[in-house]
Amino acid sequence: MRRTPGVSLKEVFLTAVAGLPAGEGRGKIVAEALDHLQRGFDFHYASTNGATDDDILVGDNAYAWAVETIAHLDEPEFVAVASRMIQDGAGRIASGEDVTLELWTPHLAGLLDIISGEGPERSEARIREASGKVRSRNG
C-alpha cells in the first residue's frame with residue numbers, strides 16, 4: 001500500500017521544469033533525488049502495519065541516494081527544502097495519515113523556485129499545472 005502520492009514526483013518536477021532556460025540540468029538532478037526520496041518513503045512506510053526490516057534497509061538506501069544525488073548540486077538551499085519536505089511527510093505518516101501531493105506541493109515549488117527564480121507563487125502554479133498534466137497522462 002502506497003503512503004505517498006500516487007503520482008511520480010520525478011515526473012511532476014520534470015514536467016514543471018521543462019522549457020525553463022536554467023532548469024534542465026539542475027531540474028533533472030532534483031527530479032532524480034525526488035524519485036529516490038519518494039521510494040524511500042514508500043519502503044519505510046510500506047503499510048499501516050509497519051515496514052519489514054528489508055523495507056527499512058531499502059528505504060534507507062533510497063534516502064541515501066536522494067541525499068547523494070542532490071549533493072551534486074552543492075547548493076544548501078536544496079537540502080534545506082528537502083529536509084522540511086521529509087519532516088512534514090514523516091510527521092503526517094506518524095499521525096496516521098498518508099502523504100499527499102498537496103502536502104508536498106509547497107516544497108516542490110520551493111525546489112522549483114530555487115531553479116527558476118520566478119517566485120513561490122509562480123513556482124507553485126507550475127507544480128500544480130505539471131501535476132495535472134502528469135495525472136491526466138497517466139490516467
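Residues passing the side chain to side chain donor-acceptor pair (under 3.5 Å) test with T15 are R137, sequence neighbours excluded. For the salt bridge (Lys or Arg N to Asp or Glu O under 4.0 Å) test, residues two or more places apart in sequence or in another chain that qualify with D35 are R39. Remark: T100 engages R92, E102, L103 in a side chain to side chain contact (heavy atoms under 4.5 Å, CB included) (not counting sequence neighbours). Remark: E75 pairs with R26, L73, E77, F78, I114 by the side chain to side chain contact (heavy atoms under 4.5 Å, CB included) rule, at least two apart or across chains. With sequence neighbours left out, the side chain to side chain contact (heavy atoms under 4.5 Å, CB included) criterion links L14 to K10, K28, A31.
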Are L101 and L108 close enough, and set up right, to give a side chain to side chain contact (heavy atoms under 4.5 Å, CB included), and what steps lead you there? CA-CA 9 Å; L101 186 57; L108 296 172; 4.0 Å; yes
Full working for side chain to side chain contact (heavy atoms under 4.5 Å, CB included) between I70 and H36: CA-CA 10 Å; I70 209 149; H36 292 302; over 6 Å; no
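Taking CG of L20 as the start and CD of E118 as the end, the distance is 5.5 Å to the nearest 0.5 Å. Distance CG/D88 to CD1/I93: 11.5 Å, rounded to 0.5 Å.
Counting only heavy atoms from C-beta outward, the side chains of V81 and D113 never approach each other to under 4.5 Å. Annotation: side chain of H107 is not in contact with side chain of L9 (no heavy-atom distance under 4.5 Å).
Across all non-hydrogen atoms, the minimal contact from F13 to G27 is CD2-O, 3.7 Å. Here the closest heavy-atom approach between residue S123 and residue A109 is recorded as CB-O, 3.3 Å. The two residues L112 and V17 have their closest heavy-atom pair at CD1-CG1, 3.3 Å.
Shown here is D74, whose CG atom has no more than 12 heavy atoms of other residues, nucleotides or ligands within 6.0 Å.
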Show me the donor-acceptor pairs within less than 3.5 Å that the side chains of residues 57-69 make with the rest of the protein, sequence neighbours left out.
| from | atom 1 | to | atom 2 | distance (Å) |
| --- | --- | --- | --- | --- |
| D60 | OD1 | H44 | NE2 | 2.6 |
| T69 | OG1 | W65 | O | 2.6 |

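The backbone N or O of P5 sits less than 3.5 Å from a side-chain atom of Q38, completing a donor-acceptor pair.
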